[in-house]
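To start, the structure itself, in structure tokens.
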Amino acid sequence: MRKFIIDTDTASDDAVALVMALQDPEIDLRAITVVAGNVPLNQAVQNALYTVELCGKDTPVYSGCAKPILRDLETAQDVHGADGMGDIGLPLAGRAPAPGHAVDVLRQVIRENAGDITLVTLGPLTNVALALLREPELAAHVAHCYIMGGIGEGHGNVTPSAEFNIWVDPEAAKIVFESGMKMTMVGWDISWKYATFDPGQAAEIREIGTPLAKFVVDIQATLTEYAIESSHLAGFDLPDPVTMAVALDPGIATCRDYRVDVTTGDGLQRGITVVDVLGVMGRGPQMTVATGVDRAAFVDILKRSVSRPV
Ligand code: RIB
Ligand code: CA
């Protein structure tokens with residue numbers, strides 16, 4: 001069994017990534033920590049709790065930071081829906097998270113499983129950054145951190161050069177990127193290129209016919225509209241699930257090691273992941289960057305996760 005901890009701003013693509021981990025018999029998911037991002041914190045907590053319940057599991061869910069370290073929260077409810085889960089009328093309220101703050105839980109779980117825990121981040125890095133600031137030695141205790149965030153080789157989704165998770169809390173991202181943790185960055189370029197589902201490809205998943213197969217497609221209702229109209233894609237894209245697939249099976253990704261920095265300015269200077277491909281700044285790489293993914297392998301992992309009985 002591999003021990004995982006997932007930090008998420010649970011909306012429609014995060015939920016699919018949670019299903020992939022919750023449904024994997026090889027994964028011991030120790031905790032889900034929640035951060036504000038796609039939706040306000042409490043909604044993200046409810047979305048995570050609903051997803052865990054749908055998978056018939058009792059993985060504890062912890063509430064974390066309600067806003068970025070320095071900046072006001074900017075949500076993506078225009079992308080994922082007001083409730084973050086496609087506004088299809090799911091009962092996403094009334095469930096109680098486990099007691100304790102996500103930042104403290106990240107510290108405790110990482111410390112208790114030093115060297116043997118994989119951290120997967122699916123949202124802004126606020127919780128993770130604060131845990132690392134409070135306890136810098138955590139960086140050495142994380143076996144590997146898989147980050148959905150930034151742009152490897154491509155364009156942004158909030159500004160031409162910035163991806164949402166990094167853009168929301170660039171100061172947190174800078175802290176994490178400079179922490180010394182072993183990290184793999186799966187940028188939105190990977191989702192755009194390898195994790196887009198046109199209506200036929202979405203139907204192929206939904207027609208597996210299980211409640212989870214219908215869930216992972218139906219909650220993309222708002223994202224589908226946004227992806228087609230604003231991202232100029234053929235259908236919804238799944239950045240968090242393709243990142244989770246890389247965490248579950250690193251061999252499906254093609255990667256290069258680069259030095260990656262984060263800009264913390266405003267406007268067009270906010271939240272850019274600056275990838276030093278040629279090493280012109282003379283600083284050694286600190287980030288493994290995914291430059292490609294085996295789409296067939298990703299889709300197979302996704303299909304297997306929703307086919308398993310809960
Ligand atoms: O830019 C894509 C990322 O922002 C994904 O994690 C999505 O869930 C949103 O958080
Ligand atoms: Ca997310």
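Atoms within each ligand, like the ligands themselves, are counted from 1 in listed order. Every heavy atom of this structure was used, including side-chain atoms; hydrogens, water molecules and symmetry mates were not.
Taking the side-chain contact (heavy atoms from CB on, under 4.5 Å) definition, one finds that Thr159 meets it with Ser161, Ala162, Trp167, Leu268, sequence neighbours left out.
Atoms of ligand 1 found under 4.0 Å from any heavy atom of Leu122, numbered from 1 in the order shown, are 6 (O), 10 (O). Atom numbering of ligand 1 starts at 1 in the shown order; those under 4.0 Å from a heavy atom of Met148 are 2 (C), 3 (C), 5 (C), 6 (O). In the vicinity of Asp9, heavy-atom distances shorter than 4.0 Å reach the ligand 1 atoms 10 (O). With ligand atoms numbered from 1 in the order given, ligand 1 contributes 8 (O) to contacts under 4.0 Å with heavy atoms of Asp14.
The closest non-hydrogen atom to atom 7 (C) of ligand 1, taken over Asp13, Leu223, Val158, comes from Asp13.
The Ca ion (ligand 2) lies at 3.0 Å or more from every N, O or S atom belonging to Gly37.
Not a single N or O atom of Pro239, backbone or side chain, sits closer than 3.5 Å to an N or O atom of ligand 1.
Distance from atom 9 (C) of ligand 1 to its nearest protein heavy atom, with residue and atom name: Asn38 OD1, 3.1 Å. Here the protein heavy atom with the shortest distance to atom 6 (O) of ligand 1 is Asp240 OD1, 2.6 Å. The nearest protein atom to atom 1 (O) of ligand 1, hydrogens excluded, is given as Glu163 OE2, 2.6 Å; this is a heavy-atom distance.
Residue Asp9 approaches the Ca ion (ligand 2) most closely through its N/O/S atom OD1. The closest approach of Asp240 to the Ca ion (ligand 2), by N/O/S atoms, is made by OD2.
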Go through the steps for Arg206 and Asp218 under the test salt bridge (Lys or Arg N to Asp or Glu O under 4.0 Å), then give the verdict.
-> CA-CA 8 Å; Arg206 197 179 193 282; Asp218 293 348; 2.7 Å; yes

Could you please spell out the steps behind the side chain to side chain contact (heavy atoms under 4.5 Å, CB included) verdict for Val128 and Leu119?
-> CA-CA 9 Å; Val128 177; Leu119 169 61; 4.0 Å; yes

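Here the Ca ion (ligand 2) is the vertex; the O atom in Leu122 and the OD2 atom in Asp14 give an angle of 90° (to 10°).
Between the Asn38 side chain and the Thr75 main chain, no donor and acceptor come within less than 3.5 Å of each other.
Defined by atom type and a distance below 3.5 Å, a donor-acceptor pair is missing between the side-chain atoms of Asn127 and Thr33.
Around atom NZ of Lys193, more than 12 heavy atoms belonging to other residues, nucleotides or ligands sit under 6.0 Å away. Within a 6.0 Å sphere centred on CZ of Arg256, other residues, nucleotides and ligands contribute 12 heavy atoms or fewer.
Hydrophobic clustering places Leu49 together with Phe4 (ILVMFWY residues linked when any side-chain heavy atoms are closer than 4.5 Å, directly or through intermediates).
With respect to Pro241, the side-chain contact (heavy atoms from CB on, under 4.5 Å) criterion is satisfied by exactly one of Asp237, Leu238, Thr243: Leu238.
Of the heavy atoms in Asn157, only side-chain atoms (C-beta onward) come closer than 4.0 Å to ligand 1.
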